[in-house]
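Scope of the values below: all heavy atoms of this structure, side chains included, with no hydrogens, waters or symmetry mates.
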Amino acid sequence: MNKKLILLFMLFFFFTKDNYGQENKIKISPNNLLGTSSILLTLEDRGKYSLTIKNKIGKKIFIKKFEIFEKKLYAFKYDFKNFDNGDYTFELSSKRKIIANKKISKN
């Protein structure tokens with residue numbers, strides 16, 4: 001529990017130091033997707049959410065569904081080692097509506 005709290009705290013300061021006040025709801029660190037990356041989602045409302053990762057042709061490769069009960073940052077790690085090189089789109093949605101997206105490449 002303490003490790004998760006410390007990770008969340010560190011991620012919060014890392015991601016907000018240069019993007020504070022922007023509406024960037026999806027952050028990935030490191031953003032090169034070579035191995036395991038941390039994904040941080042800024043969520044403003046309670047509810048059910050879904051994060052979908054699509055490849056360059058729009059095929060869904062990964063879907064993570066979760067629910068939050070208060071405004072907060074939601075963080076988790078994902079291993080991108082098995083992903084092919086190319087462009088990927090991260091889409092954050094709620095109630096079947098896309099609320100944020102981010103494009104990132106794996107070289």
Side-chain angles (χ1 to χ4, degrees):
M1 178 68 178
N2 287 341
K3 289 181 181 180
K4 288 182 181 180
L5 186 59
I6 291 170
L7 173 66
L8 185 62
F9 185 68
M10 288 173 47
L11 288 171
F12 173 77
F13 281 101
F14 175 78
F15 287 121
T16 57
K17 69 179 180 180
D18 55 7
N19 288 319
Y20 188 75
Q22 294 183 10
E23 293 201 23
N24 195 351
K25 298 181 184 297
I26 303 171
K27 294 288 285 180
I28 300 149
S29 174
N31 63 0
N32 55 13
L33 301 183
L34 292 177
T36 301
S37 293
S38 296
I39 301 171
L40 179 71
L41 307 171
T42 304
L43 306 168
E44 297 176 4
D45 297 317
R46 296 185 306 171
K48 295 180 181 181
Y49 291 86
S50 176
L51 178 69
T52 304
I53 302 174
K54 297 179 182 179
N55 64 10
K56 63 183 173 185
I57 60 172
K59 180 180 177 185
K60 294 178 183 178
I61 296 175
F62 172 80
I63 300 172
K64 181 170 184 74
K65 295 182 179 187
F66 55 95
E67 185 171 0
I68 64 159
F69 300 99
E70 60 187 44
K71 178 181 176 178
K72 68 175 189 174
L73 300 174
Y74 182 80
F76 65 97
K77 290 186 177 190
Y78 190 76
D79 185 1
F80 293 97
K81 290 178 187 172
N82 294 329
F83 278 38
D84 294 330
N85 288 348
D87 297 330
Y88 293 91
T89 302
F90 290 69
E91 291 181 350
L92 179 62
S93 60
S94 177
K95 299 177 185 173
R96 298 183 185 232
K97 179 182 174 188
I98 297 173
I99 56 176
N101 64 28
K102 180 176 186 87
K103 292 188 181 189
I104 195 162
S105 296
K106 179 178 180 183
N107 298 336

In residues 53-60, what donor-acceptor pairs under 3.5 Å come from side-chain atoms, sequence neighbours left out?
unit_1	atom_1	unit_2	atom_2	d
Lys54	NZ	Glu91	OE1	3.3
Asn55	OD1	Ile57	N	3.2
Asn55	OD1	Gly58	N	3.2
Asn55	OD1	Lys59	N	2.9

Identify each donor-acceptor pair in which a side-chain atom of residues 45-52 lies under 3.5 Å from a protein atom, sequence neighbours left out, and give them as a table.
unit_1	atom_1	unit_2	atom_2	d
Tyr49	OH	Asp45	O	2.6

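- Counting heavy atoms from C-beta on, the side chains of Ile26 and Leu41 come closer than 4.5 Å.
- No continuous path of ILVMFWY side-chain contacts below 4.5 Å connects Phe62 to Ile98, so the two sit in separate hydrophobic clusters.
- Of all non-hydrogen atoms in Ser37 and Pro30, the two that sit nearest each other are OG-O, 3.1 Å.
- Note: Tyr78 and Phe80 meet the aromatic proximity criterion, with ring centroids under 6.0 Å apart.
- In this structure, CG in Asn101 is found 12.0 Å from NZ in Lys25, a value given to the nearest 0.5 Å.
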Tell me, with the steps shown, if Leu43 and Phe66 meet side chain to side chain contact (heavy atoms under 4.5 Å, CB included).
-> CA-CA 11 Å; Leu43 306 168; Phe66 55 95; 3.5 Å; yes
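- Checking side-chain atoms of Lys106 against main-chain N and O of Phe83 turns up a donor-acceptor pair under 3.5 Å.
- Following chains of ILVMFWY side-chain contacts shorter than 4.5 Å, one can reach Ile61 starting from Ile39, so the two form part of one hydrophobic cluster.
- When hydrophobic clusters are built by joining Ile, Leu, Val, Met, Phe, Trp and Tyr residues whose side-chain heavy atoms come closer than 4.5 Å, directly or via intermediates, Phe76 is grouped together with Tyr88.
- In this view, Ser105 and Asp87 satisfy the side chain to side chain donor-acceptor pair (under 3.5 Å) rule, not counting sequence neighbours.
- In terms of modelled atom types and a separation under 3.5 Å, the side chain of Thr89 and the main chain of Lys103 share no donor-acceptor contact.
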